[in-house]
2 protein chains.
Amino acid sequence: MIIKLLLDSDIPLYQQLKDKIVYAIATGEVKQGEQLPSVRQLSSSLSINLHTVNKAYTQLSVEGFVTILKGRGVLVNTKDMYAASDNDRKKIFEQIQTICAEAKCRSLDADEIINMCNKAYTTLKGDN
Amino acid sequence: MIIKLLLDSDIPLYQQLKDKIVYAIATGEVKQGEQLPSVRQLSSSLSINLHTVNKAYTQLSVEGFVTILKGRGVLVNTKDMYAASDNDRKKIFEQIQTICAEAKCRSLDADEIINMCNKAYTTLKGDN
DNA sequence: GCAACTGTTATATTATAACTATAACAGTCA
DNA sequence: TGACTGTTATAGTTATAATATAACAGTTGC
């Protein structure tokens, strides 16, 4: 899993890390049951602190993407364990609403946004 | 313009405010050339600080949505003043990518996300 | 058991962001 | 002049983000 973080981004490091891992799950780059790097390994290879990685892993665990086993490591869950709940759907829709509002203001019509969605999905084509 | 902010949200107040104003522009609820409430008026009616409103207005100004006239007030710009630049498009696509990655993980397919986009756009139907 | 690995917890420190409070300054306009 | 605009300055509080070190506790293979 190739991860590059932007140190000068306005997006927190732990959030960037979460997004990258979810992206890797979406593409199938990391598979169900697969073990993620340990907090020490990953923090070392990214030159960031152990606790920053731990925060990302902990939140991914709360959101259902991974299971943390004390003493053993962090494992990617099976798909059914993080299938969208009604609340997940609601949150995703709210994000889309905000993006579409800005997009419409900026004279992008629905088709352009839909094209972006299709492009995003085709980029994610993995056998996961 | 009806605005309600969530004080206990993880989204900062000034960001929520920006999003609501952009949304109001998108629906046509506030029109081109229209004057927004003064920082004191709005901060008072929302029971938040003057500087929080000022921060939202200042950023909206940088992003091209409004023009701030010292001593006079804040005016909504014309559409052409905030039409999407290449960089705006890129940022919007990156947000969509992140959302789609999570959505795919959570077993939502492209059609479901596209439906959400269409629903979001129809909600925004205004003659702006 | 021991060693080497896991995640966890505790404590502390630094830096930055977010929000508030108050006051004064400066431009606009009837 | 007075009442409204946004702006700037100063200060303080609170929360978040990130780091640094150390110790604790569970797992695993030798």
Side-chain angles (χ1 to χ4, degrees), chain A residues 1 3-22 25 30 33-77 81 98, chain B residues 1 3-22 25 30 33-77 81 98:
Chain A
M1 186 170 42
I3 292 181
K4 285 186 183 174
L5 303 180
L6 303 174
L7 295 176
D8 61 342
S9 168
D10 56 334
I11 301 171
L13 293 176
Y14 77 92
Q15 184 63 54
Q16 291 183 52
L17 187 51
K18 283 178 63 183
D19 290 342
K20 298 277 190 182
I21 292 170
V22 169
I25 295 174
V30 298
E34 187 172 333
Q35 181 158 0
L36 296 180
S38 77
V39 290
R40 287 176 181 81
Q41 261 183 280
L42 191 50
S43 67
S44 170
S45 73
L46 295 175
S47 300
I48 63 175
N49 194 271
L50 170 161
H51 295 103
T52 305
V53 175
N54 192 250
K55 185 172 184 177
Y57 281 178
T58 302
Q59 292 194 8
L60 287 172
S61 162
V62 170
E63 292 166 19
F65 291 106
V66 302
T67 293
I68 299 174
L69 299 176
K70 192 173 177 179
R72 294 192 47 198
V74 177
L75 304 176
V76 176
N77 284 336
M81 296 178 73
T98 301
Chain B
M1 186 171 42
I3 292 181
K4 284 185 183 175
L5 304 181
L6 303 175
L7 296 176
D8 61 343
S9 168
D10 56 333
I11 301 170
L13 293 175
Y14 77 92
Q15 184 64 53
Q16 291 184 53
L17 187 50
K18 284 179 62 183
D19 289 343
K20 299 277 189 182
I21 292 170
V22 169
I25 294 174
V30 298
E34 186 172 332
Q35 181 159 1
L36 295 180
S38 76
V39 290
R40 287 177 181 79
Q41 262 183 278
L42 191 51
S43 66
S44 169
S45 73
L46 294 175
S47 300
I48 63 174
N49 194 271
L50 170 160
H51 295 104
T52 305
V53 175
N54 192 251
K55 185 171 183 176
Y57 280 178
T58 302
Q59 292 194 8
L60 287 172
S61 162
V62 170
E63 292 166 19
F65 290 107
V66 301
T67 294
I68 299 174
L69 299 175
K70 193 173 178 179
R72 294 191 48 196
V74 177
L75 305 176
V76 176
N77 284 337
M81 296 177 74
T98 302

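Residue numbers begin at 1 in each chain, while the letters A, B, ... track the order of the sequences.
- The nearest whole Å value for the distance from the CZ atom in A:R40 to the P atom in D:dA22 is 13 Å.
- Taking the nucleotide of DNA chain D with the nearest heavy atom to each of A:G71 and B:V74, the more 5' of the two is matched to B:V74.
- Taking atom CG of residue A:L46 and atom C1' of nucleotide D:dA18, one finds them 14 Å apart after rounding to whole Å.
- Shortest non-hydrogen contact noted between B:Y57 and B:L42 is OH-CD2, 3.3 Å.
- Taking 4.0 angstrom as the limit, A:N54 places a side-chain polar atom (N or O) nearer than this to OP1 or OP2 of C:dT8.
- When each of A:L7 and A:K70 is assigned the nucleotide of DNA chain D bearing its nearest heavy atom, the one mapping closer to the 5' terminus is A:L7.
- Residue A:Q15 places no side-chain N or O under 4.0 Å from the OP1 or OP2 atom of D:dT16.
- Remark: A:Q41 is in phosphate contact with C:dT6, judged by side-chain N or O atoms under 4.0 Å from OP1 or OP2.
- Between B:Y14 and the phosphate of C:dC19, there is no side-chain N or O to OP1/OP2 separation shorter than 4.0 Å.
- In this structure, the nucleotide among D:dA17, C:dG27, C:dA18 sitting nearest to the side chain of A:P12 is D:dA17.
- Listed nucleotides D:dA18, C:dG7, D:dT19 differ in distance to A:H51; the shortest reach to its side chain belongs to D:dT19.
- Across the protein-nucleic acid pair, B:L36 atom CG and D:dT5 atom P stand 12 Å apart, rounded to whole Å.
- B:Q35 comes within 4.0 angstrom of nothing in the nucleic acid, heavy atoms only.
- Residue A:T52 places none of its side-chain N or O atoms closer than 4.0 Å to OP1 or OP2 of D:dA17.
- Between A:N77 and A:G64, the shortest heavy-atom contact is ND2-O, 2.7 Å.
- Within the 4.0 Å cut-off from OP1 or OP2 of C:dA18, at least one side-chain nitrogen or oxygen of B:K55 is found.
- Here the P atom of nucleotide C:dA23 and the CG atom of B:N49 are 13 Å apart, to the nearest Å.
- Nucleotide C:dA18 holds its P atom 17 Å from the CG atom of B:D8, rounded to whole Å.
- Closest contact between the side chain of A:L13 and the listed nucleotides C:dC19, C:dG7, D:dT19 involves D:dT19.
- The closest side-chain heavy-atom distance from B:M81 to B:T67 is below 4.5 Å.
- As rounded to whole Å, 15 Å separates atom P of C:dT28 from atom CD1 of B:I68.
- Taking 4.0 angstrom as the limit, B:R72 places a side-chain polar atom (N or O) nearer than this to OP1 or OP2 of C:dC29.
- Side-chain proximity of A:T58 to the nucleotides D:dT7, C:dT6, C:dT8 is greatest for C:dT8.
- Counting to the nearest Å, the P atom of C:dA24 and the CG atom of B:L50 are 15 Å from each other.
- Between the CG atom of B:D10 and the C1' atom of C:dC19 there is a distance of 16 Å, given to the nearest Å.
- Here the side chain of A:Q59 pairs no donor or acceptor atom with the backbone of A:Q15 at under 3.5 angstrom.
- Counting all heavy atoms, side chain and backbone alike, A:M1 lies closest to A:P37 at CE-CD, 4.3 Å.
- A donor-acceptor contact shorter than 3.5 Å is absent between the side chain of B:D19 and the backbone of A:T98.
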